[in-house]
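Worksheet: the structure to be examined is printed underneath.
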Amino acid sequence: MVKVLGVGNILMKDEGFGVRFVERYKEEIESLFSDKVEVVDGGTQTLPLLHYIENASHLFIIDVVKKSRDDQDPGDIVFFTKDEIMSSLKSRIKITSHSGGIHELLATAEFESTIPDEIELIGIIPEDMSKGLEISETLKNKMQALRDVLIGKLKEVIQ
Amino acid sequence: MLLAHGLHDHTVHFYHLAALDWVDVVSALKADPKKAAQIAQSISDWPRNSVQEFKAVKEKIKGFVDKGRLGIFANGYWGHKAMKLPPEVNLLAVVHYLQALEYQRYATKAYAILGGKNPHVQNLCVGGVSTAIDPDDDSALNMEKLLEVKTLLDKIISFVHNVYLPDVAAVGSFYPEWFSIGGGVPNYLAAPDLYLDVNHSKSDLPGGTVVNNDVKTVKKIRNANDPYWRKNVAESIHHSWYKGAWIKHPWEEDTIPEYTEFDGKKKYTFVKAPRFKVGGKYVPMQVGPVSQVIVGFAQNHPLTMKWVGETLKRIPKQYRKPTILMSTLGRHAARAIRCAMLGDIAVKHWELLVNNIGKGDYSIATDFKYPDKEIRGVGFHEAPRGILSHWCIIEKGKIKKYQAVVPSTWNAGPRDGNNQRGPYEEALVGNPIADNNRPLEALRTVHSFDPCLACAIHLFDPKGHEINKVKVL
């Protein structure tokens with residue numbers, strides 16, 4: 001099974017991009033691949049997501065990604081491989097029940113040996129992370145492009 | 001749904017969010033798996049305490065350490081002087097940490113079947129839920145799904161009764177001094193919950209208040225309409241970054257942020273300070289499992305008495321008294337006690353639901369018509385972190401005012417206009433700190449409240465920087 005996991009906090013505009021993406025494309029993507037793909041709204045959860053991703057052959061994560069180079073602009077789509085994600089893990093002892101997010105989810109799955117073999121993070125550079133339910137126009141306009149990229153990748157791994 | 005959520009939340013809090021304040025993962029490498037398994041078998045007859053399983057987990061930790069990657073366990077306070085468990089007990093705890101990851105899935109799945117979706121159930125509506133019940137419909141909640149829920153609940157309940165509760169007692173027994181540290185605010189407030197009738201006259205979880213650490217002061221709260229509850233709640237913003245300096249009832253207050261610099265003498269937090277009026281005076285209240293258990297104990301509530309007794313039996317004789325609950329470790333013990341209670345109640349409520357369906361009762365919500373005038377109301381729920389209340393004024397069917405007074409606000413709130421400290425603050429007074437650079441002991445006390453502070457930012461940072469830094473103090 002291939003899984004797509006959109007994560008984020010919808011109360012903070014672009015922070016909620018992953019969730020908004022799932023809301024818009026879940027039905028379309030799942031029917032396009034006749035249920036070989038499951039698209040999940042991960043919200044701000046960590047451990048309750050373990051059983052959604054366990055032993056998936058491929059996992060695609062949709063999230064906003066902090067700008068890390070000068071030539072990156074809001075709305076740019078960026079990619080990270082499993083190795084890149086896992087080597088960036090610098091998890092700390094937990095301070096709150098919700099902190100940690102994706103890092104913690106993957107580190108826990110790794111320790112449990114239920115981590116998917118193939119993981120890719122398809123991220124987008126945010127523009128506005130202030131309080132609010134709507135994502136910025138810049139990111140809204142990029143949703144379709146990200147969907148196309150994802151569908152291309154899904155076609156590759158499913159065939 | 002509430003029960004599956006509580007069973008999940010308490011178990012995960014102990015193993016995955018707090019246990020590593022007490023358990024040294026790296027020390028588990030020195031453990032003799034055979035001896036560790038024997039200790040585990042001596043405290044519980046849980047079938048998964050075998051030498052093989054203990055050996056396998058030790059190998060797994062070793063693999064991670066050898067690769068120089070501790071993953072979830074990186075940056076823990078390993079080797080800290082305040083860590084006192086023998087290697088074998090550390091190994092036992094890590095084995096159960098992994099098993100808890102597996103078992104929390106069962107609670108999550110039960111919750112998802114009942115709520116339609118998890119995370120973030122979306123089946124709640126005014127007056128009930130929107131999950132249809134129909135034994136003849138595959139897409140509705142039918143007998144097949146209910147049986148699956150029962151199987152899943154049985155698994156998590158068995159884990160709670162045979163692993164979680166015994167582990168809390170076992171780990172706690174190595175840290176008896178923490179049964180008298182971190183008590184803090186001596187007042188406790190809990191909501192009754194899991195009602196047995198539509199009028200909310202009978203509930204399976206007891207509610208009320210106890211003040212000054214004295215169970216004789218107990219006063220019952222029967223439901224959210226109880227005037228003792230409705231009239232006596234207020235929030236203070238004397239030390240919070242909101243406009244003004246007052247203490248007001250939730251129906252009367254407002255929430256207008258006004259950030260000023262951090263000033264410990266003036267305003268220093270966005271958290272308000274909820275207070276409860278007792279004997280004419282507003283006082284801070286601790287909320288959460290410890291309050292529910294103390295309030296239930298004070299009322300001789302049979303299910304509370306049963307599990308307090310079961311827990312105390314597992315603690316060395318010289319510490320075996322209910323007052324140990326009023327401490328840092330006591331809050332963990334109370335959470336395990338409440339979780340065990342939820343297990344018993346879950347079985348009962350599953351049977352009640354199935355019996356109702358058997359009688360042909362498929363109702364899922366009570367219809368409600370808003371009157372044409374201004375109305376005000378309050379609803380509450382004993383959430384995993386404590387009493388959660390929503391105060392609402394509705395005018396002609398539209399929300400005019402909405403104030404939520406949530407559990408972590410009660411516990412994390414600052415001082416009030418009379419300079420009375422909130423529960424976190426008070427509990428940290430006199431807390432020992434062996435190493436100022438690694439304040440493990442302060443974390444122990446704050447974690448014991450099960451704080452809920454950050455649904456904030458979950459941005460992925462490719463450089464692996466610490467992004468959502470939470471300042472505990």
Side-chain angles (χ1 to χ4, degrees), chain A residues 7-12 14-16 18-19 40-52 54 61 63-69 78 80 84-114 121 123 126 129, chain B residues 8-9 12-13 15-18 20-21 60-61 64 69-77 94 97-98 100-102 104-109 111-112 117-120 384-385 408 440 443 446-447 450-472:
Chain A
V7 293
N9 180 353
I10 54 165
L11 302 178
M12 303 177 75
D14 287 349
E15 230 292 311
V19 174
V40 179
D41 160 12
T44 57
Q45 293 285 351
T46 307
L47 296 182
L49 297 174
L50 274 175
H51 78 268
Y52 282 107
E54 67 185 341
I61 300 167
D63 195 2
V64 278
V65 170
K66 193 177 172 187
K67 180 177 163 152
S68 58
R69 289 202 320 260
V78 288
F80 294 91
E84 285 170 327
I85 303 168
M86 298 314 284
S87 63
S88 76
L89 293 181
K90 280 201 181 157
S91 184
R92 298 141 291 126
I93 197 152
K94 284 149 238 151
I95 306 285
T96 79
S97 18
H98 305 142
S99 67
I102 287 302
H103 278 129
E104 206 160 297
L105 171 68
L106 297 180
T108 308
E110 187 187 34
F111 190 66
E112 255 201 332
S113 318
T114 57
L121 191 143
M129 303 243 296
Chain B
H8 179 265
D9 203 286
V12 165
H13 176 261
Y15 285 100
H16 307 121
L17 304 173
L20 302 183
D21 295 351
K60 193 171 223 173
I61 306 172
F64 273 78
R69 215 160 79 197
L70 267 173
I72 23 173
F73 302 135
N75 298 350
Y77 288 139
V94 179
Y97 177 105
L98 272 164
L101 283 175
E102 179 188 334
Q104 59 91 23
R105 285 170 163 82
Y106 303 129
T108 300
K109 283 182 187 166
Y111 186 53
K117 174 174 173 292
N118 183 36
H120 314 306
R385 273 155 281 282
S408 291
L440 173 64
L443 278 185
V446 174
H447 279 169
D450 190 358
C452 177
L453 296 177
C455 285
I457 305 261
H458 299 75
L459 184 84
F460 181 80
D461 181 345
K463 293 189 198 138
H465 290 316
E466 184 176 295
I467 304 170
N468 49 349
K469 194 181 211 168
V470 173
K471 205 168 167 189
V472 176

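Order of the sequence lines fixes the chain letters, A, B, ..., with proteins taken first and strands second; residue numbering starts at 1 for each chain.
- We find that B/K60 and A/E112 are not joined by a salt bridge, their nearest charged nitrogen and carboxylate oxygen being 4.0 Å or further apart.
- Contact annotation for A/T114: only side-chain heavy atoms (C-beta onward) come within less than 4.5 Å of a heavy atom of chain B.
- Interface check for chain A: of the options B/V12, B/T108, B/I61, the most heavy-atom pairs under 4.5 Å are formed by B/T108.
- Interatomic distance, B/Y97 OH to A/T108 OG1, rounded to the nearest 0.5 Å: 5.0 Å.
- Counting heavy atoms from C-beta on, the side chains of A/E54 and B/R105 come closer than 4.5 Å.
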>> The test is side chain to side chain contact (heavy atoms under 4.5 Å, CB included); show your working for A/L50 and B/E102 and say whether it passes.
In response: CA-CA 9 Å; A/L50 274 175; B/E102 179 188 334; over 6 Å; no
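- Note that the CG atom of B/L17 and the CG atom of A/L47 stand 7.0 Å from one another [nearest 0.5 Å].
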